[in-house]
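Note on naming: letters A, B, ... go to the chains in the order of the sequence lines (proteins, then strands), and numbering restarts at 1 for each one.
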Amino acid sequence: MSDIIAYKDHNNEYYDHEIENGIPVKSKSEDALNIMRHDMAHILAEAVTQLFPNAKPTIGPFIKNGFYYDFDMESTLSDEDLIKIEEKMREILNEGRSFIKRTVSKEEALKIFKDNKYKVELINNLDNSAEINLYDQKNFTDLCKGPHHSSTKDYEANIKITSVSGAYWRGISTNKMLQRIYATAFYSEKELNKHLKNLEEAKERNHRRLGTDMGLFLLTDLSAGNVFWKEKGLTLYQNIEKFIRSEQQKLDYKEVKTPELVSNELLVKSGHWDNFQENMFTSEKDNKTFALKPMNCPCHIVLFNSQLITYKDLPLRYSEFGKCHRYEPSGALNGLFRVRGFTQDDAHIFCTDEQIYDACNETTQLIERVYKKFGFEKIKYNISTKPEKSIGSQESWDNAVNQLKKVLTDNGKDFKILDGEGAFYGPKIEYTLEDSLGREWQCGTIQLDFNLPERLGARYKDKDDKNQTPIMIHRAVVGSLERFIAIILENTNGWLPLFITPIQLAILPVSEKFVDHCNDINSKLKDLDVRAIVDSSDNKLGYKIRNSVSKKIPYSLVVGEKEIETKTFNVRSRKGENTSFKNIEELNEFFKNN
RNA sequence: GCCGCCGUAGCUCAGUGGUAGAGCACACCCUUGGUAAGGGUGGGGUCGGAAGUUCAAUUCUUCUCGGCGGCACCA
């Protein structure tokens, strides 16, 4: 039997027949796993249609880590239903199924699927020249371009239905909502369990739980989508801000603070009022309309315009930890990941065409430096180019895109081009980081803007004393501080990098006798900017250690008779490793350097 | 906004048509203890909110607010 089950092209599209320059897909490979999961989607559809004869199958692709199938059904699926479906799938798998391909005419296909308007729609949308393939299995036939394994007997499939949710037909929100069943499948039970355990772990690492346990912040329905920062959370927030600020100062950024509430006059001029009014919080006073700013750029241009700027002032870098508000649909809110009030680590660089390269180059290096410091090493880069609807000449777009490409290339980065994905006003680079659970987060961005400076009348004088319009570069490193804090919390499971963690050290007296001594140490450490607390409870040492570890305090300092006599400082890491220091300065060094 | 699930003490969660319970946390007492839980006692919630059904609702129904998993959205 051949080891090759399918072919794929260079866009990772799979085919059930050999193609020109096709890459063979070998059985049990990563690609084969996708195909196997697609097989399972068909098995799922058979199970569902057997149990619910009126269910109309629509589409069921494989996705990252699994697959789904969307059904139009009369009743919604309960947890018990899912268990039954999963059992049915196992039953079917025990019997085994062959996937037999058959090519039919359009008329035939329409006849076969006449009771399923979704399949009819799909068939009618196919090119007239396109071959229409069906895959037959016992009790189920699906419209499908394949490929499939010839039989489920070719492998062992370990399946698990993971969830059910609503999903619009064809992803269009005016269409009917279907029921989507998510599931996953692996060749071995071991891999399946590992994946399920991973999901569990991700749940455990939930930043909402960590935030509550660590006393960082409060989310309450008294202001849905807005964060109440507690003192420890604010320390964390400020430490992140502090680090980014210091990096920006090295690059001659000028930090500013602009109003959160602005007259809509500004937003009308900038064009945001026309396009995004629905997403702003507004209020009326003095017969005027005000809005909470949804972004900082118009305000920065107001500052730019308030003074005479010449070419000598460029590039001019305005940065702001700007509090913005956006009305997000209720269903979009999600912990700190998606909020209505957030702080952008925003900046706008005003510059000339010639300065684009340098500005973007220093920014990409800045972004990388910051990510690295926070423990993110894996970064993906995308460049988005001119969309169909856009402003600015083709020439200026080409120039700008080439500069962006050159920046990444010169910095030794691989990147993807997302054709036509740029904003209407300019191209951009997006920075996506990968966390320790393999999840990806788009955080940083560099976005060129050929529109807004012109619209708001930004001008500088060139060497010939003529007015020119600057290019504006929007850039953010971590994006929203709120979201970034959620990402770091989940990435580290609460074991935050030492330089930002709210409490670095728990000072633990062995008994009450040593509490005063501990307080003395703490006040000295305070002067040295080490963030410590003294546990003066009357619990035993083991208990105090357990407590400080469970509060995610990375180090503890045990103080008792021995330490006072020998004048040493014994620091215990959360893993139980001990390090001894001779004096408080040495101890301080340790905290400064870790 | 849409589909589904959920909302009980500070936290995690159990439970019932007759006004609630555990563990952790907290307070007090005993213990003055050396590297991940010493022992005892005690306080604390009207079960998200509103309305309805009922002799009686935290438990059933409807509405509403909020959360979660997705979908849609994300300048």
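- A:Asp72 has its CG atom 13 Å from the P atom of B:G4, to the nearest Å.
- Going from atom CZ of A:Phe337 over to atom C1' of B:G67 covers 15 Å, rounded to whole Å.
- The pairing partner recorded for B:C68 is B:G4, the criterion being a Watson-Crick or G-U wobble arrangement whose two distances lie under 3.5 angstrom.
- Residues that satisfy the ring pair (Phe, Tyr, Trp, His ring centres under 6.0 Å) test with A:Tyr381, not counting sequence neighbours, are A:Tyr431.
- Rounded to whole Å, the separation between the C1' atoms of B:G33 and B:G23 comes to 25 Å.
- Nucleotides B:A9 and B:U46, compared at atom C1', are 12 Å apart to the nearest Å.
- Following rounding to the nearest Å, A:Leu218 (CG) and B:C11 (C1') show an atom-to-atom distance of 13 Å.
- The ring pair (Phe, Tyr, Trp, His ring centres under 6.0 Å) search around A:Tyr168 returns none, not counting sequence neighbours.
- For A:Phe321, there are no ring pair (Phe, Tyr, Trp, His ring centres under 6.0 Å) partners at least two apart in sequence or on another chain.
- Regarding A:Leu210, its CG atom lies at a distance of 13 Å from the C1' atom of B:C11, rounded to whole Å.
- For A:Ser283, there are no side-chain hydrogen bond (donor to acceptor under 3.5 Å, both in side chains) partners at least two apart in sequence or on another chain.
- Under the Watson-Crick or G-U wobble criterion, with both distances below 3.5 Å, B:U58 has no partner in any strand shown.
- The side chain to side chain donor-acceptor pair (under 3.5 Å) pairs that include a residue from residues 559-568 of chain A are A:Glu563-A:Asn570, A:Thr566-A:Thr568, where partners are two or more places apart or lie in different chains.
- When both distances must be under 3.5 Å, the Watson-Crick or G-U wobble mate of B:C63 is B:G49.
- Checking B:G42 for Watson-Crick or G-U wobble geometry (two distances, each under 3.5 Å) identifies B:C26 as its partner.
- The ring pair (Phe, Tyr, Trp, His ring centres under 6.0 Å) search around A:Trp273 returns none, not counting sequence neighbours.
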Review point. Under the salt bridge (Lys or Arg N to Asp or Glu O under 4.0 Å) criterion, do A:Arg439 and A:Glu490 qualify, and how do the steps go?
Key: CA-CA 10 Å; A:Arg439 297 175 304 182; A:Glu490 299 202 0; 2.9 Å; yes
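- Taking every heavy atom of both residues into account, A:Gln442 and A:Arg483 meet most closely at O-NH1, 2.9 Å.
- When the C1' atom is used for both B:G43 and B:C28, the distance is 10 Å, rounded to whole Å.
- Pairing partner, B:A14: none, since no Watson-Crick or wobble contact has both distances short of 3.5 Å.
- Nucleotide B:C73 is matched to nothing when pairs are restricted to Watson-Crick or G-U wobble geometry with both distances under 3.5 angstrom.
- The distance between atom CZ of A:Phe71 and atom C1' of B:G4, rounded to the nearest whole Å, is 16 Å.
- Comparing B:C60 with B:G17, their P atoms sit 9 Å apart, to the nearest whole Å.
- Using cut-offs of 30° and 60° on the angle between ring planes, the pair A:Phe376 and A:Phe484 is tilted.
- Remark: the separation of the P atoms in B:C3 and B:C63 is 11 Å, to the nearest Å.
- B:G39 sits 42 Å from B:A50 when the P atoms are compared, rounded to a whole Å.
- Residues passing the side chain to side chain contact (heavy atoms under 4.5 Å, CB included) test with A:Arg170 are A:Glu121, A:Leu122, A:Asn125, A:Ile172, A:Asn175, sequence neighbours excluded.
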Check your understanding: What string of B, S and - do you get for nucleotides 33-48 of chain B, 5' to 3', when a contact is any protein heavy atom under 4.0 Å?
Key -> BBBBBS----------
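- In this structure, A:Asn226 atom CG and B:G66 atom P are separated by 12 Å, rounded to whole Å.
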Any protein N or O atoms within reach of nucleotides 59-62 of chain B? Criterion: under 3.5 Å, listing atom names and distances.
none

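- Note on residues 341-350 of chain A: pairs passing side chain to side chain donor-acceptor pair (under 3.5 Å), not counting sequence neighbours, are A:Tyr237-A:Thr343, A:Asn296-A:Gln344, A:Asn296-A:Asp346, A:His300-A:His348, A:Thr343-A:Glu482, A:His348-A:His474.
- Across the P atoms, B:A57 and B:C47 are found 12 Å apart, a figure rounded to whole Å.
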Check your understanding: Along nucleotides 68-75 of chain B, 5' to 3', which nucleotides get a B, which get an S, and which get a -, given that the test is a protein heavy-atom distance under 4.0 Å?
Key -> SBBBBBBB
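- Counting to the nearest Å, the C1' atom of B:C11 and the CZ atom of A:Phe217 are 14 Å from each other.
- Cation-pi check for A:Arg326 over A:Phe276 is not met; the charged atom does not lie both under 6.0 angstrom from the ring centroid and within 45 degrees of its normal.
- Remark: A:Thr282 engages no residue in a side-chain hydrogen bond (donor to acceptor under 3.5 Å, both in side chains) (not counting sequence neighbours).
- Rounded to a whole angstrom, the distance from the P atom of B:G44 to that of B:A22 is 13 Å.
- For A:Lys551 and B:C11, the NZ to C1' distance is 13 Å, given to the nearest whole Å.
- Applying the Watson-Crick and G-U wobble criteria (two distances, each under 3.5 Å), B:A37 pairs with nothing in any strand.
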